[in-house]
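It should be emphasised that the depicted structure is a prediction, and the values quoted were computed from it without experimental measurement.
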Amino acid sequence: IIRSSFIRVHRFHQPRGSTIHNSRRYRPSGVTTDRPQRVVAVLLLVGRYHHPVARKQSSRMATAAAASAATTTVSSGALPQQLQGPDPAVMEAVNRGNAVVFFDVVLGGGKEDKSGGSPLGRIKLELFVKDCPKTCENFRQFCTGEYTSSQFNQQPAGYKGSTFHRIIKDFMIQGGDFINGDGTGKLSIYGPSFPDENFTHKHDGPGILSAANSGPNSNGCQFFITCKKADWLDGKHCVFGRVLDAESMLTVRKCEAVPVSGGQNKPRMPVRISQCGEL
């Protein structure tokens with residue numbers, strides 16, 4: 001098709017008596033061409049015939065073919081992410097009156113600038129705003145960086161760049177200590193700590209988001225996400241959210257699988273929150 005299009009459209013200005021053709025009027029596509037014409041057509045296909053009109057026509061045809069292919073791809077396949085619209089799971093959570101936040105998690109990376117690392121995925125978390133508004137707001141502001149304090153020179157403080165400092169397989173992953181990074185730091189948007197809000201929700205399966213503490217009424221910035229049912233924690237830790245979807249839970253499982261060392265169950269490589277915010 002490409003060869004015959006070139007032959008029909010273009011007129012090669014060869015002198016009369018040439019072996020390519022004997023007149024300036026081109027032969028119709030139904031007429032059998034001789035060997036030299038086929039050679040010219042092949043040269044056109046491989047880009048070695050540098051006739052200016054042929055090059056211009058070839059460029060137009062390539063542009064049209066690319067545009068057609070792009071249109072076909074969009075119409076027949078899945079839409080690009082930016083054209084798919086809001087995540088249905090997120091919209092359902094918001095319609096329930098809850099908030100949704102996220103962690104982008106990486107394995108490894110620099111210690112100085114807290115950059116780099118191998119992406120593990122995104123954890124989306126639904127916060128039970130209607131049931132635990134105070135605990136959820138504390139967590140949400142540390143996700144978005146809205147909280148500022150003289151302790152941090154009025155700079156945004158929160159979970160970005162912090163790590164999951166404690167991982168126990170078949171139990172939970174714990175993080176949120178952006179102060180000391182080892183589980184000893186404590187801070188809340190209400191002060192050093194704040195009381196247990198309630199124990200309405202239970203640790204009844206994997207993917208439960210709960211507040212870590214050092215005893216009754218000592219909640220701060222630390223949290224944990226369960227990897228299985230942990231009902232012995234009911235009445236001791238305030239459950240205020242859950243992992244939103246299966247893809248997010250897969251990221252939690254990747255974190256859970258990171259090797260640890262020592263009695264503190266510290267990951268051998270940092271499992272770090274590279275980015276976080278609210279959806």
Side-chain angles (χ1 to χ4, degrees), residues 87-107 118-132 135-136 138-140 142-143 159 162-177 183 196-214 219-261 263-279:
D87 185 333
V90 173
M91 294 307 299
E92 290 176 7
V94 171
N95 290 336
R96 287 192 290 268
N98 293 328
V100 177
V101 296
F102 73 91
F103 294 146
D104 286 337
V105 186
V106 299
L107 179 64
S118 302
L120 294 180
R122 171 170 289 190
I123 302 175
K124 288 177 279 190
L125 298 162
E126 179 181 0
L127 307 183
F128 303 147
V129 173
K130 294 192 293 184
D131 298 331
C132 309
T135 309
C136 290
N138 179 73
F139 186 82
R140 190 193 68 81
F142 288 143
C143 287
Y159 298 135
S162 67
T163 63
F164 287 93
H165 60 271
R166 186 175 178 224
I167 295 177
I168 303 178
K169 189 173 177 58
D170 294 325
F171 178 25
M172 60 88 199
I173 61 174
Q174 182 176 343
D177 184 4
D196 297 317
E197 192 163 12
N198 59 58
F199 302 111
T200 302
H201 296 279
K202 308 302 180 183
H203 303 80
D204 53 5
I208 298 298
L209 175 64
S210 188
N213 58 43
S214 54
N219 299 287
C221 53
Q222 295 189 47
F223 63 90
F224 63 93
I225 301 172
T226 62
C227 299
K228 64 182 300 184
K229 183 178 180 180
D231 53 359
W232 65 90
L233 300 178
D234 294 344
K236 299 177 182 178
H237 295 268
C238 176
V239 172
F240 63 96
R242 70 176 185 94
V243 173
L244 184 63
D245 53 26
E247 186 178 358
S248 299
M249 195 63 211
L250 177 60
T251 305
V252 172
R253 295 300 186 191
K254 292 178 183 178
C255 297
E256 179 191 12
V258 174
V260 299
S261 60
Q264 298 298 319
N265 297 289
K266 180 180 179 180
R268 295 180 183 176
M269 297 180 66
V271 180
R272 188 165 46 81
I273 299 171
S274 63
Q275 188 59 270
C276 54
E278 182 176 12
L279 298 176

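Side chains of Glu197 and Cys136 form no contact here, defined as non-hydrogen atoms less than 4.5 Å apart. Residues His165 and Gln264 are not in side-chain contact: their nearest non-hydrogen atoms beyond the backbone lie 4.5 Å or more apart. When side chains are defined from C-beta on, Phe142 does not count as touching Phe223, because their heavy atoms never get closer than 4.5 Å. With contacts defined as side-chain heavy-atom distances shorter than 4.5 Å, the pair Glu278/Val101 qualifies. Under the 4.5 Å side-chain criterion, counting only non-hydrogen atoms from C-beta, Leu127 is in contact with Leu209. Between Glu247 and Leu250 the shortest side-chain heavy-atom distance does not fall below 4.5 Å. With contacts defined as side-chain heavy-atom distances shorter than 4.5 Å, the pair Cys143/Phe103 qualifies.
Between the side chain of Glu256 and the backbone N or O of Ile167, no donor-acceptor pair lies under 3.5 Å. At least one donor-acceptor pair under 3.5 Å links the side chain of Lys130 to the backbone N or O of Arg96. Judged by distance alone, with hydrogens and angles left aside, the side-chain atoms of Tyr159 form a donor-acceptor pair with the main-chain N or O of Cys221 at under 3.5 Å. Under a 3.5 Å cut-off, the side chain of Ser261 and the backbone N or O of Arg268 do not form any donor-acceptor pair. Between the Thr226 side chain and the Ile208 main chain, a donor and an acceptor come within less than 3.5 Å of each other. Under the 3.5 Å distance criterion, the side-chain polar atoms of Lys266 are left unmatched by any main-chain donor or acceptor of Gly263.
One finds the CG atom of Leu125 at 12.0 Å from the CG atom of Asn98 (value rounded to the nearest 0.5 Å). Lys124 NZ to Asp87 CG: the interatomic distance, rounded to the nearest 0.5 Å, is 4.0 Å. With rounding to the nearest 0.5 Å, the separation of CG in Leu107 from CG in Leu120 is 5.0 Å. Separating the CD atom in Glu126 from the CG atom in Leu279 is a distance of 12.0 Å, to the nearest 0.5 Å. Distance check: Asp177 CG to Arg166 CZ gives 12.5 Å after rounding to the nearest 0.5 Å. To the nearest 0.5 angstrom, Gln174 atom CD is 13.5 Å from Cys255 atom SG.
Remark: Thr200 pairs with Asn198 by the side chain to side chain contact (heavy atoms under 4.5 Å, CB included) rule, at least two apart or across chains. Take Asn219 and apply the side chain to side chain donor-acceptor pair (under 3.5 Å) test, not counting sequence neighbours, and it matches Asp196.
Nearest heavy-atom pair, Pro119 versus Val106, reported as atom, atom and distance to 0.1 Å: CA-CG1, 3.9 Å. Scanning both residues, Val243 and Ser248, for their nearest heavy atoms gives CG1-CB, 3.5 Å. Nearest heavy atom pair, residue Ala93 against residue Val100, reads CB-CG2, 3.6 Å.
Partner of Asp104 under the side-chain hydrogen bond (donor to acceptor under 3.5 Å, both in side chains) criterion, out of Arg272, Arg122, Gln275: Arg122 alone.
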Subject >> Residues Asn138, Thr135; criterion side chain to side chain donor-acceptor pair (under 3.5 Å); working and verdict >> reply: CA-CA 5 Å; Asn138 179 73; Thr135 309; over 6 Å; no
Anything under 3.5 Å between a donor and an acceptor, one on a side chain of residues 230-241, the other on a protein residue two or more places apart or in another chain? List them.
from, atom 1, to, atom 2, distance (Å)
Asp234, OD1, His203, N, 2.8
Asp234, OD1, His203, ND1, 2.8
His237, ND1, Ala211, O, 2.9
His237, ND1, Asn213, ND2, 3.4

